[in-house]
Asker: 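Following this message is one structure expressed as structure tokens.
Just so you know, ligand 1 is whichever comes first in the structure, and atom 1 is the first atom listed for that ligand.
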Amino acid sequence: MNRILKWTSALVAFALTASWLSNHSWRHPSGLVGSQKVIYATYLSNPSEYVNYTLSEFHQSRDPYFDAARILTYQVLHAPETRTRLDIELVIFVHENVDQHKKDRLRRDGAHLIEWSDFSVDWVRPKDARWTHIMTKLRLWQMVQYDLILFLDVDTILTRPLDDIFNAPEIQPQAPILSQSHYHEVDVPLPPSYLLLGLPQLRTNHSALPSRVPEDFWDWETINSGFMVLKPSLEIFRYFESVLKIVDSFDGSIGDQSVINHVFSPLGPMPWKHINLSWNIQWPWAEDIHTGGYASFHEKWWAPMHWETNAYFRAWYWRMVGYYDSI
Ligand SMILES: *[C@@H]1O[C@H](CO)[C@@H](O)[C@H](O)[C@H]1NC(C)=O
Ligand SMILES: *[C@@H]1O[C@H](CO)[C@@H](O)[C@H](O)[C@H]1NC(C)=O
Ligand SMILES: *[C@@H]1O[C@H](CO)[C@@H](O)[C@H](O)[C@H]1NC(C)=O
Ligand SMILES: *[C@@H]1O[C@H](CO)[C@@H](O)[C@H](O)[C@H]1NC(C)=O
């Protein structure tokens, strides 16, 4: 009996040690997946118009996008059910117009901030005022200090860690389909390889658990620039600049998303690739939230499309406030 006990405790001790070792020593150094330097990233600019949103009798917000950045920071770095298990950094790219006190707050919340100067092109005028500084988002491709970026629009809410996306089978750099690109009679050099994965743009009136193509989607070929895995590349940024030199050469009414769809079109030299639809859904129904199994939602926490999801999103806001107020 005694011997069995001894052997059992030895085994338990061994299992615990092995488990501790596997949790600590054998883990990748922080921010690396394989040998790749990967980050979570989002983008914040100051609102182009201020509206007061009443959140409760105690609280209101004039900049719900800033609050959204704080929620995302809380979710990626701290919330037990959604935080990164691989110590992947959350980088918030902030437009130069963002107020100092907001930048200080986001740093205290744990995010790494990198400031971007404005990037805009006269003839590309997003149709919506709140997208005034959206073209600056194209600077993502200049961030070559990183190998791979999971970019999330700031109005994203996670339901679980997204770390596994960096090991998704679809993540493989590709060579452009053509070796030369002529754009309106101009030769535009292509990069040796590129990587852009994402999800097709949904329609605002999509059904729950959307799967109908094309009814639920804009079409199957328009990427939504609010959720992307991409490899930064200076060649691609230069490619954007070359294309943008040709005034009115495409419809720029959705800003960065127009440019990205133009450059990574399935009809062009560098088609973007689809990633599993379960990673993200925009404008979720309650059914999508409770039974859809989605890893993240692209929705305005302060003004969701479907009123019955309001409490779900507000709850994340209050959890964030509670967390930071208590530490
Ligand atoms: C190792 O990590 C797992 C998952 O995070 C955890 O459940 C387990 O308790 C950890 N084991 C030890 C010994 O720290
Ligand atoms: C919003 O609230 C602030 C502070 O209470 C106030 O100064 C400002 O005038 C309000 N703005 C609008 C557009 O109502
Ligand atoms: C959704 O909107 C599109 C475009 O406005 C329309 O063609 C389509 O019929 C609508 N779908 C449903 C299910 O209402
Ligand atoms: C997408 O992901 C879901 C959930 O993880 C999985 O059940 C499904 O098989 C995946 N689809 C494809 C095409 O890989």
Side-chain angles (χ1 to χ4, degrees), residues 33-34 36 38 40 72 75-76 79-86 88 126-131 148-153 155-174 194-231 250-255 257-258 260-262 264-266 271-300 303-310 312:
V33 172
Q36 308 248 76
V38 307
Y40 289 94
L72 195 56
Q75 285 204 302
V76 170
E81 61 273 58
T82 57
R83 68 181 167 74
T84 170
R85 304 311 198 240
L86 300 175
I88 296 173
K127 62 176 181 210
D128 207 320
R130 74 200 148 93
W131 296 338
L148 218 46
I149 297 179
L150 170 56
F151 177 83
L152 306 165
D153 260 2
D155 48 346
T156 298
I157 295 285
L158 316 189
T159 68
R160 57 174 186 265
L162 302 184
D163 297 342
D164 285 347
I165 205 167
F166 295 109
N167 287 314
E170 300 93 332
I171 296 199
Q172 290 296 335
Q174 293 173 272
Y194 73 100
L195 185 152
L196 176 64
L197 291 128
L199 299 159
Q201 176 65 59
L202 278 160
R203 289 186 181 277
T204 48
N205 63 356
H206 73 72
S207 55
L209 312 175
S211 59
R212 302 174 310 158
V213 182
E215 294 91 332
D216 287 333
F217 296 88
W218 198 246
D219 55 37
W220 197 239
E221 288 167 358
T222 302
I223 191 174
N224 180 330
S225 67
F227 187 98
M228 303 183 285
V229 181
L230 66 107
K231 183 174 174 54
F250 58 93
D251 168 16
S253 60
I254 319 187
Q257 183 160 312
S258 299
I260 291 168
N261 274 296
H262 190 64
F264 295 98
S265 156
W272 65 278
K273 278 208 294 190
H274 289 70
I275 200 159
N276 193 314
L277 291 178
S278 64
W279 285 109
N280 182 269
I281 183 176
Q282 193 169 15
W283 305 304
W285 291 89
E287 191 183 347
D288 295 321
I289 292 176
H290 301 298
T291 63
Y294 292 96
S296 62
F297 305 121
H298 182 179
E299 182 57 290
K300 293 182 174 34
M305 177 77 70
H306 302 292
W307 65 268
E308 67 278 20
T309 65
N310 199 39
Y312 174 84

Asker: With sequence neighbours excluded, what pairs up with Ser296 under the side chain to side chain donor-acceptor pair (under 3.5 Å) test?
Answerer: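 Ser296 satisfies side chain to side chain donor-acceptor pair (under 3.5 Å) with Asn280 only.
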Asker: State which residues pass salt bridge (charged side-chain N to carboxylate O under 4.0 Å, His left out) with Asp163; sequence neighbours excluded, sorted by chain then number.
Answerer: none
Asker: With Phe297, which of Trp285, Tyr312, Phe227 fulfils ring pair (Phe, Tyr, Trp, His ring centres under 6.0 Å)?
Answerer: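 When ring pair (Phe, Tyr, Trp, His ring centres under 6.0 Å) is applied between Phe297 and each of Trp285, Tyr312, Phe227, only Tyr312 qualifies.
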Asker: What does the contact table look like for ligand 3 (nitrogen or oxygen on each side, cut-off under 3.5 Å)?
Answerer:
{"unit_1": "ligand 3", "atom_1": "2 (O)", "unit_2": "Asn205", "atom_2": "ND2", "d": "2.4"}
{"unit_1": "ligand 3", "atom_1": "11 (N)", "unit_2": "Asn205", "atom_2": "ND2", "d": "3.0"}
{"unit_1": "ligand 3", "atom_1": "14 (O)", "unit_2": "Asn205", "atom_2": "ND2", "d": "3.4"}

Asker: Give, for atom CG of Asn276 and atom CD1 of Ile165, the distance between the pair rounded to the nearest 0.5 Å.
Answerer: 9.0 Å
Asker: What atoms of ligand 4 come closer than 4.0 angstrom to any heavy atom of Ser278?
Answerer: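 It comes down to these atoms of ligand 4: 2 (O), 4 (C).
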Asker: Mind checking the CG-CD spacing from Leu195 to Gln174? Nearest 0.5 Å is all I need.
Answerer: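 The CD atom of Gln174 is 7.5 Å from CG of Leu195, to the nearest 0.5 Å.
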Asker: Just by distance, do the side chain of Tyr294 and the backbone of Leu277 share a donor-acceptor pair under 3.5 Å?
Answerer: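 Absent.
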Asker: The criterion is side-chain contact (heavy atoms from CB on, under 4.5 Å); which residues satisfy it with Asp251, sequence neighbours excluded?
Answerer: Ser253
Asker: In terms of atom number and element, which parts of ligand 4 are under 4.0 angstrom from non-hydrogen atoms of Asn276?
Answerer: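 What qualifies from ligand 4 is 1 (C), 2 (O), 3 (C), 8 (C), 10 (C), 11 (N), 12 (C), 14 (O).
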